[in-house]
Amino acid sequence: VVGIDLGGTRLRLGLVDANGTVHREMTVPSSTGLPRAANLDYLCRLIEGLLADPELAGANLRGIGVGATGPLDPATGRIDNPHTLPEWTGLDLGAALRERFAVPVRFENDAAVAALGEYWLGGEANDCMMMITIGTGVGGALIVDGENYNGAAGFHPEMGHLLIDPSGPLCYCGASGCLESLIAGPALARAWNEVLSARDDQATVGGSEGLFAAARVGDQDATRLVNDAGRHLGLGLITLTALLAPGLIVVGGGIGREFDLLIPMIRTTLASVAHYHPIDRLSIRPVTLGESAGILGAAYLAWAAD
Ligand SMILES: [Zn+2]
């Protein structure tokens, strides 16, 4: 199958077998500079380029899976994201790919395919698992019985805007103190930069990377902010586990890479309330797949299309 990961900056494609081995892959910028309608043909040519491997003579293409930065209609593959993916917005990707390759084509948003990749090949997995991705924003996905869960009319749940602290910072979603406004990279960077400026510290590196680096060497202010982030995420997980009772939570994204620093306070916070299902059976682990998660998750979608 072909797994396609259409992100805000990069378009990645991989040819993936039923064991999850990537046989060939390519990465190109997702901004093509082409007129919008020409992008369909461009994508088809990239796929044909992948398939034109002499070593694959005789192999049959079984399907195509696509993960893209949403909003995305999983039924049609129509992307509606004029800000991040202007050249792909409004195109009927599903119909075009089905017509050209005569195979099943499935779509999900990028958070969902990353979660499916982790479910398939990330190591510890669970048939009811949740993934939280913390980077520039906070996103997530829920997998139930090996399938991504979408809500009414195919809408993807947005757990990044779960309300945590109504006295917190205002988010573009209109709420104050949602998870994203508290623990996404820009929120942590802002809080840390304010600390550095309040203590007139020009020697210490700012930004969210500077924050975690400082926490690693025992800076007390940085440790407090990192603990706050872990506590806020833990509060979000209290609500999510009460609602969904998952067996596994996988944490990813740029901030998720600091998992070892966040996890003690996440666990402390989770343990601070009573749970009505066996919380001791809830595993929390970091992602393991890295950059190929999108291609692999999209490939899983295609393999699971039967
Ligand atoms: Zn929000």
Side-chain angles (χ1 to χ4, degrees), residues 7-9 67-74 79-86 89 108-115 129-143 148-195 206-209 211-212 224-244 246 249-259 261-263 265-266 269-270 273 284 287:
T9 48
T69 302
L72 164 90
D73 180 346
I79 293 164
D80 179 21
N81 190 336
H83 300 292
T84 308
L85 294 172
T89 288
E108 286 294 355
N109 93 5
D110 51 359
V113 295
M129 75 178 235
M130 209 164 66
M131 179 157 157
I132 304 247
T133 305
I134 315 160
T136 311
V138 176
L142 174 68
I143 289 177
N148 170 59
Y149 169 82
N150 284 327
F155 282 106
H156 188 77
E158 290 292 347
M159 46 187 92
H161 298 283
L162 201 65
L163 202 50
I164 303 294
D165 175 9
S167 68
L170 181 65
C171 176
Y172 62 86
C173 74
S176 289
C178 67
L179 201 51
E180 180 162 319
S181 77
L182 291 166
I183 68 164
L188 297 180
R190 192 175 53 245
W192 178 231
N193 292 346
E194 278 169 13
V195 164
S208 59
E209 283 183 24
L211 166 66
F212 286 101
R224 174 176 52 80
L225 290 179
V226 168
N227 284 341
D228 282 349
R231 187 169 53 83
H232 287 136
L233 182 52
L235 289 171
L237 295 186
I238 286 175
T239 301
L240 290 170
T241 53
L243 185 65
L244 304 164
I249 296 169
V250 180
V251 181
I255 302 299
R257 249 179 253 137
E258 314 286 351
F259 183 82
L261 288 183
L262 295 166
I263 191 63
M265 192 53 90
I266 293 174
T269 308
L270 268 174
V273 297
I284 308 177
V287 295

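Nothing fancy with the numbering, it's 1 onward along the sequence. For ligands, and for the atoms within them, numbers begin at 1 and follow the listed sequence.
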Report task. Could you tell me whether the side chains of Thr89 and Asn81 share a donor-acceptor contact shorter than 3.5 Å? Result -> no

Report summary line: With sequence neighbours left out, the residues meeting side-chain hydrogen bond (donor to acceptor under 3.5 Å, both in side chains) with Glu108 are Asn148, Asn150

Query raised in the report: Shortest non-hydrogen contact from Leu188 to Ala229?
Result: CD2-CB, 3.9 Å

Query raised in the report: According to the salt bridge (charged side-chain N to carboxylate O under 4.0 Å, His left out) rule, which pairs have a member within residues 224-244, sequence neighbours left out?
Result: Asp221-Arg224, Asp228-Arg231

Query raised in the report: Of all heavy-atom pairs between His156 and Ala141, which one has the smallest distance, and what is that distance?
Result: CE1-CB, 3.9 Å

Requested in this report: Quick one: give me the number of protein N/O/S atoms under 2.8 Å from the Zn ion (ligand 1).
Outcome: 4

**Report entry** side chain to side chain contact (heavy atoms under 4.5 Å, CB included) partners of Ala187, counting only residues at least two apart
**Finding:** Arg190

